[in-house]
Structure formats: C-alpha cells, structure tokens
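Chain A is the first sequence line, chain B the second, and so forth, proteins listed ahead of strands; every chain is numbered from 1. Side-chain atoms are counted along with the backbone in the values below, which use heavy atoms only and exclude waters and symmetry mates.
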Amino acid sequence: MQQKLNLYNTLTRKKEAFEPLHAPFVGMYVCGPTVYGEPHLGHARSAVTFDVLYRYLKYQGYKVRYVRNITDVGHLENDADEGEDKIQKRAKLEHLEPMEVVQHYTNIYHVEMEKLNVLPPDIEPRASGHIIEQIQMTQEILDNGLAYEVNGSVYFNVEAYNKNHNYGKLSGRNIEDLLGNTRTLDGQEEKRSPFDFALWKKASVTHIMRWPSPWSDGFPGWHLECSAMSRKYLGDTFDIHGGGLDLMFPHHECEIAQNQASCNHSDGPRYWVHNNMITVNGQKMGKSLGNFINLSELFSGKHDMLEQAYSPMTIRFFILQAHYRSTLDFSNEALQAARKGYTKLMNGLNVLKKLKYPEEGIAEPDQKLNEDLLKLAEDCYRGMNDDLNTARTIASLFNLLKKINSLYLGQLKIETVSRGTFDTVRNTYQELVLNVLGLEEEETGNRDEMLGMVLAFYKEAKEAKDYDKVDAIRAGLKRQGIVIKDLKTGVDWAYEE
RNA sequence: GGUAACGUGGCCGAGUGGCUAGGCUCAGCUCUGCAAAAGCUGCUACAGCGGUUCGAAUCCGCUCGUUACCUCCA
C-alpha cells in the first residue's frame, strides 16, 4: 500500500523518489516567517504545505527533525547604505524595542499556526540567536577567497564563486546573461558586482540592531541565517529544504552559494521543495501589493474582501484542495465550497466512528466490492506519494467516503466486506484525514444554547409529571458534569461540585 | 528586456497520449410528516490555429491572454 514518496525537486526540475541520506532519519529545513507583520494567507499555505510533508514523512515511519526558522534580523528594507532593516523600521514606528516587535509577531504566528493545526517544528531557531554561527560562516567564506570586505561590510563574490561553481543552478539563471541587463540600484557602490550580496553589513550610527564582529558592529546579511542554522542543526548536507517559490531567487540561490563557499563544500539540502503563491484575482497575494489578507481577518471575517468569516479548518482544507505547486486563487466562493467539503470529510469521520464491523453473520465476501474498496484506499496514498498531491488524495477520500456512507446506510452490505478490507478502509480514511492532512473537528454550535434546549425539555417533562424522563435528563446531564437546579425562579444549571 | 510558468465545464481545482478526477453550484429521483443528511442520475471542459500520432486537453510549433521571478516577500 505504501509506495515511495516522490517529490518534485526544484534543483533538478523533476519528480524524484525521496531517499533520505541517513534513513530512517530525515532532516528538513523550511524558511519561516519574517516577524515584522501579521501572518497572512500566504504564510498559511507554506506552513500547511510543509506541515503535511512533515506529517506524512513521520507517518511513513521516518524520524524527522523539522527545523523552521524565525527571521528576526537581517532583511534590508532596501539596498541603500542607510537602509534600515524591517524589524527596526517597524520598531521606530511603534516606539518599541525591536525584540518586542519580534516577540509580538512571533507569538501571533504561533497562535495562528496552532489554530491551523500546524505542528510546531522540532527546532525553531532565530537568526538573532545565531550571530556567532553566521560570523563564523562569513569568515569561512572570506578564508576561502569568495568574499571581500569593504568598509566593515562583507560581500559574497559571485563572479569568483561562479568560476568553479554554478551560481544560478537552482533558479535556472545564467550569470553572464544576468550581467548584461541589470537594473542599477542605489547604494551598491560597495559591491564589485550587482550580484554580490551582503554576508555582513556594517550598521550605521542610528541602527540599533547590531552585533560586534571582526569587521564592524553590524548585522548579518539577508541569506546567511538559513545556511548557518541549517548547517548547525541538520549538518553540511541534509535532505529537504522548503520555502515559498518567491524565495527561490535570490534567497535560496544564495544559500547554496554560501554553503558551497563555506567549509561545507556542499549544496546543503538535496531536495528543494517550493510551494506556489496564493493569488487574488490572478495576482500574487503579497506585502508589496498590499492585497494580502491576515489570518486573523479570515478567522473573524473582518476584511473588505471577505463576505464572512472562515474557520481555520476551512482555510486548511482550501489550501490542501489544490496541489502545492499550483497557484491557488482566493475567492469567497472557493472558501465557501471549501467549508462544505471540509464538513463532508468530518461527517465521514463520524460515520466511521458509528460504523461497526459485525461480529457475526459474515457473508460470502463480495470480490468486486472488496477490490473496489482496496483500490480506492490505495488511490488515497497514490496521491500523497505523487509529489504530495493532496488534491488527488482528497478526491480519493471523497470516493472512499461514498462507499463508507453506502455501507453505513446498508446500500452496500458490510457483511460482504472482509474484516481486513474494512480495517484498511477505516484506517486509511482516519489516518489520512486526521494525522496526515491534519484536519480536525471544529466545535460547532453553542453549548449554552444546547443546554437551554435540554432544560426546556426537562421543564416540559416535569410539568407533565413524566418523572422517568425527568430522571433520565438529570442523569444524562450529570454524566456531563452538570447538575440541574430547580429554583423558585425557574430551572437553572451549575457545574457539579 | 531576461528567465520560468500557466490558460480545464457556472465556480474552485486534479490529471494521464486511448479508461469516472473530486468538491461546490444547478436539475431530477430515492428516502422523508416537512426538511436535512446520505445515495443515485443528469448537465457541461480542456484558450485559438497548425503539426506529430491509429488516437491528444495530454507531445511539438505558432498566436493570443494571464502570471511569477529578476528588489523585501510564504
């Protein structure tokens, strides 16, 4: 049933059978958020995508170490010398300590991810906590002659690197071509070539996020943290590196260059996995375009583009119903459809809970039915194994669900299904929905209202002097830890003490 | 300008050279006090034009359209 997982590797532009370097161990690094703003739908897509990969690898029995970083330093606002970094800019606006801003948005990120049932990574390193490692890596690259220092800043020398390596191998770029038509950006006079990128930046006088280094008081460059931290926790070479498609260039390209140019002398990751973007009206949802929707807005429905609130599981299902390498277009209609589809899957879970395999009266197995059921179950895994095609898996689960419902209603005879087939069907459905896709039941309805209804029946029964029913209701509620209080003013309830 | 994708039925969204994707919507049926749920049935598709092929939505070419990356971005 469990064939090999095939993953599309951006590096080779092919689907490849996934083989860990040191089975059963798997090292996986994913670019986490830059914590200078609220998490939005795009963050959710990346997190959910790699959450499913993480869950599926674990489900297949691998021992996974999942590292997802928090970027809390280093992204320059622009390329100018006086460029402030994003964390700092926000800090000034709000008159907060940079670390306060970082903590604030990190907390929100964690809360929202938990709502989406995204498992926490095994290690969640912060760039600011790994300055020493980043300085060391910079030094290595300098020692290897592939970086140079100017005025206290250190830049990666792409052209020198490209003599013996291939800068652009990940994103399919050719450096000679690139050199021909580059936009000139301000503040690059320190760099020898426009492609060179900062490993270490000297901080201006007003820059408050700064650390001492052999070159200057400053801060690490944009791409260094992921190289340094993935190496620290996963080794010079490891299995999977994930992130949004928009990080492929230059971020991930630079990571490879840094890894090769340091003492790793290796690309680092072996499989590069990139999730595609969420779009709105066909356009990428992103900070720069200002068309993003925060997760809190989605959950509350408070946004001009939203017709209603959408629950976390609706969002998760919405994301999973598309393949991660396709763009996914946001719309209210699509989300409403996702809500219903999700509910349908949950109803299936409940049906399975109630569906018992008969202890006796087993009939002659229906060969065809058994085969059909096993094939449908297998299809569910086939989707997962084919580059984590959750859209196909969900489609297969719906097909399986039809059979499950029919068995439940007696339209298909459960006695003619073998015990083994039945267990396979049940396990497949439950495991994939709950543990792999990570969809869980959401509370619906209002408990107070439900309780109110029960109390109304209680009152009716009491007035009718139907004391058997009265006692039954009392006993039932007591099992839930609730006692009924008959007051002069009416019926009320309290928690049992 | 360079590079890379994409264009599927009312909507979303998979997919393979020939075999039902799936969800939502809509219509009908079964069931039902009325419903709902569930099951069954129906509806409609592969941007356009060529080419390869016994056969292409699926491969190739061209055209049109959309997007992404090339600057921080999940």
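Atom pair Phe197(A):CZ and rC72(B):P shows a separation of 12 Å (rounding to whole Å applied). One can place CG of Asn281(A) at 21 Å from P of rC6(B), the figure rounded to the nearest angstrom. The nearest whole Å value for the distance from the CG atom in Leu409(A) to the P atom in rG39(B) is 8 Å. Across the protein-nucleic acid pair, Leu11(A) atom CG and rA4(B) atom C1' stand 16 Å apart, rounded to whole Å. Distance Asn276(A) CG to rA74(B) C1': 11 Å, rounded to the nearest Å. Rounded to an integer number of Å, the gap from CG of Leu328(A) to C1' of rA5(B) is 16 Å. Rounded to whole Å, the distance from NE2 on His40(A) to C1' on rA74(B) is 7 Å. Atom CG of Asp51(A) is separated from atom C1' of rA74(B) by 14 Å (rounded to the nearest Å).
Annotation: proximity of residues 335-351 of chain A to RNA chain B (heavy atom, distance under 4.0 Å) is found for Ala337(A), Lys340(A), Gly341(A), Lys344(A), numbered in ascending order.
Taking atom C1' on both rG7(B) and rU63(B), the two are 14 Å apart, rounded to the nearest angstrom. Here, rA14(B) and rG22(B) have their P atoms 15 Å apart, quoted to the whole Å. Taking atom P on both nucleotides, rC40(B) is separated from rG48(B) by 33 Å, rounded to a whole Å. For the C1' atom pair drawn from rC26(B) and rU16(B), the interatomic distance equals 29 Å after rounding to whole Å. Nucleotides rU66(B) and rC29(B) place their P atoms 45 Å apart, quoted to the nearest Å. The C1' atoms of rC62(B) and rC72(B) are separated by 38 Å, rounded to the nearest whole Å. Separation of the P atoms belonging to rU52(B) and rC60(B) is 15 Å when rounded to the nearest angstrom. A gap of 41 Å separates the C1' atoms of rA36(B) and rU58(B), to the nearest Å.
Proximity note for Asn405(A) (side chain, C-beta onward) versus rA38(B), rC69(B), rC72(B): the nearest is rA38(B). Nearest nucleotide to the side chain of Arg13(A), out of rA4(B), rC70(B), rG23(B): rA4(B). Of the candidate nucleotides rU71(B), rC12(B), rG2(B), rG2(B) has the atom lying nearest to any side-chain atom of Arg173(A). Ranking rC72(B), rU67(B), rC11(B) by closeness to the Gln283(A) side chain, first place goes to rU67(B). Taking every side-chain heavy atom of Asp329(A) into account, rG13(B) is the closest of rA74(B), rG13(B), rC69(B).
Nucleotide rC19(B) forms no Watson-Crick or G-U wobble pair with any nucleotide shown, as no partner meets the under 3.5 Å limit on both distances. Pair assignment for rG1(B) gives rC70(B), based on Watson-Crick or G-U wobble hydrogen-bonding distances that are each under 3.5 Å. For rG7(B), the paired base is rC64(B) (Watson-Crick or G-U wobble, both distances below 3.5 Å). Across all strands shown, rA27(B) forms a Watson-Crick or G-U wobble pair, both distances under 3.5 Å, with rU41(B).
A donor-acceptor pair under 3.5 Å is absent between the side-chain atoms of Asp379(A) and the main chain of Ser396(A), judged by distance alone.
With sequence neighbours left out, Lys353(A) forms a side chain to side chain donor-acceptor pair (under 3.5 Å) with Asn350(A), Glu441(A). With sequence neighbours excluded, the residues that form a side chain to side chain donor-acceptor pair (under 3.5 Å) with Ser227(A) are Gln258(A), Asn259(A). Under the side chain to side chain donor-acceptor pair (under 3.5 Å) criterion, Tyr271(A) pairs with no residue, sequence neighbours left out. In this view, Thr343(A) satisfies the side chain to side chain donor-acceptor pair (under 3.5 Å) rule with no residue, not counting sequence neighbours. In this structure Gln308(A) satisfies the side chain to side chain contact (heavy atoms under 4.5 Å, CB included) test together with Tyr310(A), Gln336(A), sequence neighbours excluded.
Residues in residues 311-358 of chain A take part in these ring pair (Phe, Tyr, Trp, His ring centres under 6.0 Å) pairs, two or more places apart or across chains: Tyr357(A)-Phe422(A). Within the structure, the salt bridge (Lys or Arg N to Asp or Glu O under 4.0 Å) test picks out the following pairs touching residues 38-54 of chain A (sequence neighbours left out): Asp51(A)-Arg55(A), Asp51(A)-Arg316(A).
Lys58(A) forms no cation-pi arrangement with Tyr66(A), by the criterion of a distance under 6.0 Å to the ring centre and an angle within 45° of the ring axis.
Residue contacts for Met277(A): at a heavy-atom cut-off of 4.0 Å it reaches a base atom on one of the strands shown.
Between Lys403(A) and Tyr408(A), the side chains place no donor N or O within less than 3.5 Å of an acceptor N or O (distance only, hydrogens not considered). Under 3.5 Å, the side chains of Thr71(A) and Asn69(A) contain a donor-acceptor pair of N or O atoms.
One finds a side-chain N or O of Lys284(A) lying less than 4.0 angstrom from the OP1 or OP2 phosphate oxygen of rC69(B).
The residue among Gly172(A) and Leu289(A) whose nearest nucleotide of RNA chain B lies closer to the 5′ end is Gly172(A).
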Could you list all N or O pairs between the protein and nucleotides 14-21 of chain B that sit under 3.5 Å apart?
from	atom 1	to	atom 2	distance (Å)
rA14(B)	OP1	His323(A)	N	2.8
rA14(B)	OP1	Ser326(A)	OG	2.9
rA14(B)	O3'	Asn389(A)	ND2	3.1
rG15(B)	OP1	Asn389(A)	ND2	3.0

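Using a 4.0 Å cut-off between a side-chain N of Lys or Arg and a carboxylate O of Asp or Glu, Glu371(A) and Lys375(A) do not qualify as a salt bridge.
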